[in-house]
Protein chains: 2
Amino acid sequence: MELLKRAIENHGKVLPGNVIKVGSFLNNQLDISLLYKMGEDLKEHFKTKKIDKILTIEASGIALATLTAERIGCNVVVAKKTRTANVDGDVFAAECFSYTHKNMNTLIVDKEYIKWGEKVLIVDDFLAHGEAVKACMSILKQAGADLVGVAIAIEKGFQGAGDDLRAHGIDVYSLAIVDDMSQGKISFR
Amino acid sequence: MELLKRAIENHGKVLPGNVIKVGSFLNNQLDISLLYKMGEDLKEHFKTKKIDKILTIEASGIALATLTAERIGCNVVVAKKTRTANVDGDVFAAECFSYTHKNMNTLIVDKEYIKWGEKVLIVDDFLAHGEAVKACMSILKQAGADLVGVAIAIEKGFQGAGDDLRAHGIDVYSLAIVDDMSQGKISFR
């Protein structure tokens with residue numbers, strides 16, 4: 001998606017450790033007009049598929065998931081990173097390592113919110129090593145739900161998880177794929 | 001807002017410690033159609049005021065803030081609860097105690113994202129003791145930005161912070177105010 005690539009070029013910052021800081025429009029400050037158009041683009045890509053629900057991960061996937069769901073006309077389930085005082089009852093849980101925060105998280109979804117046979121689209125802001133997406137896929141498998149596909153704002157193509165999932169027949173659609181940022185300059189696929 | 005009150009009555013659960021679990025439509029699973037209408041109601045209430053930006057708090061304020069901002073036509077700034085690998089540079093910071101999680105958080109906003117003189121609406125899912133809202137107000141004060149008002153999904157009226165802020169002349173608008181839940185049954189103002 002050209003608009004997102006231009007935003008990354010103009011406002012993204014390359015930080016040490018293969019981190020792209022896109023806080024000014026995607027994470028910390030949300031450019032709602034851009035996110036709305038990203039949601040429309042995701043809707044267009046998946047338009048031939050039935051989608052009952054979107055599954056995303058707190059916190060930085062929520063805004064894109066919300067606007068995509070508003071366009072598609074479905075609800076969103078947010079996988080939480082820790083068990084909190086207001087999660088009770090049985091949950092689906094899957095471990096994943098965060099390369100950003102350098103720690104293990106347990107993603108948790110209340111069993112009430114994903115049902116057997118539901119068609120679920122995973123939406124997240126970044127796809128790098130694929131840890132979070134694989135944890136979401138584990139949760140869908142536990143629930144007996146069907147994975148429609150994976151919709152991502154920015155894929156770090158050079159870290160391989162996106163292509164690995166595609167090789168397994170999964171419809172991974174990323175609005176921008178970064179293939180190189182090793183010299184501090186971002187090159188898109 | 002009647003629609004939200006009905007959702008709380010039909011799907012909310014009262015848990016020990018004055019916790020209302022509204023995970024099935026507001027926090028963990030997001031009823032996007034309801035949140036969209038909540039955003040329209042918030043827009044209507046604040047329609048006579050200029051709003052440059054919405055400030056919310058990760059993670060559970062993001063969905064309502066996003067849909068409200070989409071209706072109003074402004075961007076959202078998300079106050080983060082911890083310093084992460086992709087927050088660099090100078091930040092505004094304010095301490096607040098979380099009664100839900102029983103811990104102290106530092107709310108952080110990059111200084112780039114809130115500017116002197118900007119008109120900012122605070123949006124969050126809950127208002128109880130007012131800790132998070134007061135931390136956001138501190139951040140706006142540090143930035144020299146102007147507080148337009150405070151927009152809340154569910155206010156726990158019996159905990160007093162909303163009325164205290166109103167007594168100080170702040171436009172606090174809550175879509176549902178719970179005045180009692182001591183017997184396990186929710187009474188609205």
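Side-chain atoms are counted along with the backbone in the values below, which use heavy atoms only and exclude waters and symmetry mates. It should be emphasised that the depicted structure is a prediction, and the values quoted were computed from it without experimental measurement.
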Report the option among B:L55, B:V109, B:V77 that has the most heavy-atom pairs separated by less than 4.5 Å from atoms of chain A. B:V77

Got a second to check how far B:I62's CD1 is from A:L64's CG, nearest 0.5 Å? 12.0 Å

Leading residue by heavy atom contact count with chain B [cutoff under 4.5 Å; candidates A:S24, A:P16, A:G17, A:A65]: A:S24

Please answer: with hydrophobic residues joined when any side-chain heavy atoms are less than 4.5 Å apart, are A:L175 and A:I8 in the same cluster? yes

Audit row: B:E112, A:Q29, side chain to side chain contact (heavy atoms under 4.5 Å, CB included) steps and yes/no: CA-CA 9 Å; B:E112 287 178 42; A:Q29 184 168 238; over 6 Å; no

Would B:I32 and A:V76 count as a side chain to side chain contact (heavy atoms under 4.5 Å, CB included) here? Give the steps. CA-CA 7 Å; B:I32 297 296; A:V76 173; 3.9 Å; yes

Given heavy-atom pairs under 4.5 angstrom as the criterion, report whether the side chain, backbone, both or neither of B:Y36 touches chain A. side chain

Verify side chain to side chain contact (heavy atoms under 4.5 Å, CB included) between A:L30 and B:T66, making sure each step is shown before the conclusion. CA-CA 8 Å; A:L30 309 172; B:T66 295; 3.8 Å; yes

Is there a path from B:I54 to B:I114 through hydrophobic residues (I, L, V, M, F, W, Y) whose side chains come within less than 4.5 Å of each other? no

Is it the case that atom NZ in A:K141 sees more than 12 heavy atoms from other parts of the structure closer than 6.0 Å? no

When you group the ILVMFWY residues by side-chain heavy-atom contacts below 4.5 Å and let the links chain together, are B:I72 and B:V123 in the same group? yes

Can you get from A:I152 to A:F25 by hopping between Ile, Leu, Val, Met, Phe, Trp and Tyr side chains that sit under 4.5 Å apart? no

Are B:M1 and B:L26 connected in a single hydrophobic cluster, I mean Ile/Leu/Val/Met/Phe/Trp/Tyr linked by side-chain heavy atoms less than 4.5 Å apart? yes

